[in-house]
Amino acid sequence: MAPSVEGQTPTLSAARNTRQASQATARKVLLVSINIPKNDDPYGSLDTFVFGHLPVVFLIAESATEATKMLEAHPDIAVLIIDVSGEKQETGLALVDKLRGELGNKLIRIVLLGEAAETGGAQNRFLNYDVSDYRDVAAINLPKLFTSLTIALQSFERLISEEDSKQSLQTILDITKELYGVRSVEDFCLTILTQLQVICKNVEDCFFAIPNEHSGELSVTAGKGHYFAAKKQRVSEVVGEHLYEMILAATVGRQNVFEDAVSILCISQEEKLKGVVVLENRAPLTFLETRQMELICANITLGLENADMFEEIKRLAFNDSLTGLDSRAKFRTDVQAHIERVAKPEKRRLAVVQFTLEHLPELNIALGHDAGDELIQFVSEQLTTLFPEAISLARTSGNGFGLCLPYKKTRELKQIPKTIHRLFEHGPSTRENIPHISPRIGLAIYPDDADNATALWRNTNIALSNLKVRNGSYFCFYNSAIANDINARVEMNNALRTGIMRKDLSLSYQPQIDLESGSVIGVEALIRWQRDGGQFVAPNDFIPVAESSGLIAPISEWVLVEACRQRKEWLDQGGDNFRVAVNLSLSIFQNDDFVDLIRKTLNETGCPPRLLELEVTESVIMENPKQTLQNFLELQGLGVSFAIDDFGTGYSSLAYLRQLPVSALKIDKTFIDGLTENVDDAAIAQTVISLGRSLGMKVLAEGVETMEQVEFLWSAQCHQAQGFLFSRPVEAAAVMPYIRNPGRPGFRQKNLF
């Protein structure tokens with residue numbers, strides 16, 4: 001086989017494709033430099049040769065150069081007969097060598113006509129070229145030539161059959177692999193039709209039909225050619241009566257039908273019809289084509305089941321079974337598609353809304369999950385009615401929904417959360433004991449807040465997070481300041497974790513002064529955090545971060561242990577007349593093993609219980625009053641004392657406070673700041689002092705910074721105070737010198753008490 005004009009080798013598949021276009025195409029034989037004298041007509045009798053049912057066409061070339069051109073023009077030549085005798089040997093063998101070696105044509109059969117003397121090594125050389133026969137050119141005649149030609153053509157047909165089998169097997173494997181990768185029934189059916197068209201070149205019009213699950217009636221799932229527009233139509237409506245009867249007969253008998261003008265493939269499993277493929281042939285199919293189609297049919301059933309399974313998985317993944325609404329994944333997909341298809345090119349605006357139902361778990365506990373499901377279904381039905389223009393509506397979590405709406409004016413935006421909130425003013429149930437369910441709503445705007453669905457949804461989460469921080473409102477629009485604040489908290493949280501591991505936390509101590517004697521009656525342990533650059537972070541900044549991230553518990557335990565250890569060290573230095581006060585967080589105080597933790601800490605540090613005072617806020621006390629009372633009583637038995645911190649800022653019950661073994665009330669600094677200027681602050685401070693005295697408790701004022709404040713506290717008969725006027729928080733090493741300093745001004749005003 002000779003190279004083409006572009007210098008590329010005509011491939012075997014090209015020859016097969018030409019041959020497959022019509023199996024009746026004659027076999028071609030090329031004779032090169034051959035002279036067969038008979039009746040003075042060298043080649044006239046060649047047309048008497050027959051090969052089975054196939055005609056044979058002889059092509060004649062007078063030279064190797066001419067033969068090369070013919071091989072280019074006829075890549076489907078089956079047999080090459082070439083004279084390599086005498087002076088023709090070199091050019092002839094050069095052609096064969098190029099054909100087998102450089103061009104790699106292993107399919108064409110070769111018959112050599114040479115000298116009778118060519119024996120031994122010379123003939124072995126010919127065998128290296130994979131020749132079908134070698135004949136003495138001097139003794140050749142038509143019968144001998146026809147014999148060699150028949151053998152060569154038989155060999156060619158065998159090779160063709162083997163190549164066809166390999167190609168068929170590879171085709172089946174490729175198609176099967178592609179079918180198992182398809183993830184929807186419609187795509188699966190369309191892929192089947194496309195692959196069948198590859199096999200059957202004479203098919204343009206075809207369709208794949210699947211029976212209805214209930215009625216069994218066939219409907220077109222995918223079509224090509226003039227059946228392309230027939231999708232979802234009944235087969236009885238898109239084909240003629242005769243063809244429809246043929247299809248029904250094939251499905252009843254579960255048999256494939258191959259006729260000159262139509263082929264019908266029945267896809268079934270365990271006698272159950274799964275589908276029907278109908279192909280209209282422009283020419284009769286070959287045996288090879290029908291064989292390949294039947295092999296493919298054997299794999300279609302399993303592939304179709306896989307496609308069904310993936311569609312069911314997709315339905316479960318993209319739809320909520322309780323409400324029928326889309327899932328969160330489908331919601332994002334639809335919003336993104338709308339942005340790309342409509343919002344971005346047409347410069348439209350839209351709002352993405354996420355809202356959750358607060359207290360839904362309480363409803364499930366109080367009335368059962370059926371009541372919760374009833375509420376969820378009610379909400380989904382109402383949302384569908386209230387927002388018919390919604391781009392997408394989804395149930396995004398157990399108690400959450402997503403909504404995407406177009407809008408034009410800002411006032412339309414503000415109406416969205418109000419409409420949703422009104423939905424919960426009257427729920428689906430008339431039962432009086434139903435817990436109050438209210439929505440918390442976060443909104444993000446396209447394109448102001450983000451330009452894609454994923455970022456918009458993330459921003460609604462940020463808006464919802466801000467609601468939890470702010471409280472007091474049921475909806476929040478996203479803005480970059482909220483995101484910056486959250487990012488700052490996340491950054492601080494990571495830095496705090498690192499700081500804890502690096503032991504960057506420390507304690508300072510602020511003296512607490514008796515206003516009558518001027519003596520130090522205690523020190524409050526205050527945590528300090530110094531970051532990498534040396535700057536200190538205020539507790540008011542990092543303590544809320546620690547509380548929200550769960551770091552507050554290990555921090556609180558460390559503060560407790562360090563304060564008790566330090567107090568024992570002061571005791572060893574002779575300091576035996578003042579307490580160390582430690583603030584407790586809710587997370588550590590409400591632990592079941594809290595009392596054991598205090599007992600263990602005191603034992604391990606050697607700090608006497610009488611020198612430890614625990615400060616607890618009203619909110620911590622009222623979180624679990626029963627547990628609080630139990631903890632107080634057990635620790636009181638050990639000798640530990642208690643103070644209520646920031647008194648007046650919570651909502652504790654006075655009747656309950658009387659039951660607690662509390663020794664002191666601390667007036668919050670916010671009231672002390674306005675003591676001499678704000679009548680209300682002064683009245684609150686006076687009331688707290690009077691209340692504490694009437695309950696037999698000491699009262700300590702925090703944040704005292706001026707003598708005017710001290711004078712007010714004296715007149716109101718407050719017992720104790722701490723603040724910058726007396727001392728800023730100091731390191732542990734400075735506490736004992738401060739206590740021993742006799743030069744500090746006294747505050748003896750005995751006439752006031």
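Not measured: the values here are computed from a predicted model. Hydrogens, waters and symmetry mates are skipped; everything else that's a heavy atom, side chains included, is used. The first residue of the sequence shown is numbered 1, and numbering continues consecutively from there.
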Let me know which of Val379, Ile376, Asp326 forms a side chain to side chain contact (heavy atoms under 4.5 Å, CB included) with Arg395.
-> Ile376
Take atom CD in Glu241; do more than 12 heavy atoms of anything else shown fall under 6.0 Å from it?
-> no
Dump the intermediate steps for side chain to side chain donor-acceptor pair (under 3.5 Å) on Ser263 and Asn281, then the final yes or no.
-> CA-CA 7 Å; Ser263 299; Asn281 316 325; 3.1 Å; yes
Quick one: does Ser155's side chain have a donor or acceptor within less than 3.5 Å of a partner on Ile151's backbone?
-> no
Between the side chain of Thr385 and the main-chain N/O of Glu381, is any donor-acceptor distance below 3.5 Å?
-> yes
Arg234/Glu237 salt bridge by N-O under 4.0 Å criterion | yes
If you measure from the Lys or Arg side-chain nitrogens to the Asp or Glu carboxylate oxygens, is any gap between Lys224 and Asp205 under 4.0 Å?
-> no
Please collect all ring-ring contact (aromatic ring centres under 6.0 Å, His included) contacts where either partner lies in residues 216-248, sequence neighbours excluded, each pair once.
-> Phe207-Tyr227
Looking at Leu218 and Pro211, what are the two nearest heavy atoms and their distance?
-> CD2-N, 3.7 Å
Just say parallel, tilted or perpendicular for the rings of Phe475 and Phe477, cut-offs at 30° and 60°.
-> perpendicular
Is there a donor-acceptor pair closer than 3.5 Å between any side-chain N or O of Arg282 and the backbone N or O of Lys201?
-> yes
Checking Arg440 side chain against Leu467 main chain: does a donor-acceptor pair fall under 3.5 Å?
-> yes
N/O donor-acceptor pair under 3.5 Å between Lys232 side chain and Thr221 backbone = no
Nearest heavy-atom neighbours spanning Val220 and Ala230 | CB-O, 3.4 Å
Donor-acceptor pair, side chain of Asn459 and main chain of Asp449, under 3.5 angstrom | yes
Does the side chain of Asn461 come under 3.5 Å of the side chain of Gln354 through a donor N or O and an acceptor N or O?
-> yes
Between Gln255 and Ala250, is there a donor-acceptor pair closer than 3.5 Å when you use the side chain of the first and the backbone of the second?
-> no
Kindly say whether Cys266 contributes a backbone atom to a donor-acceptor pair with the side chain of Asn256 at under 3.5 angstrom?
-> yes
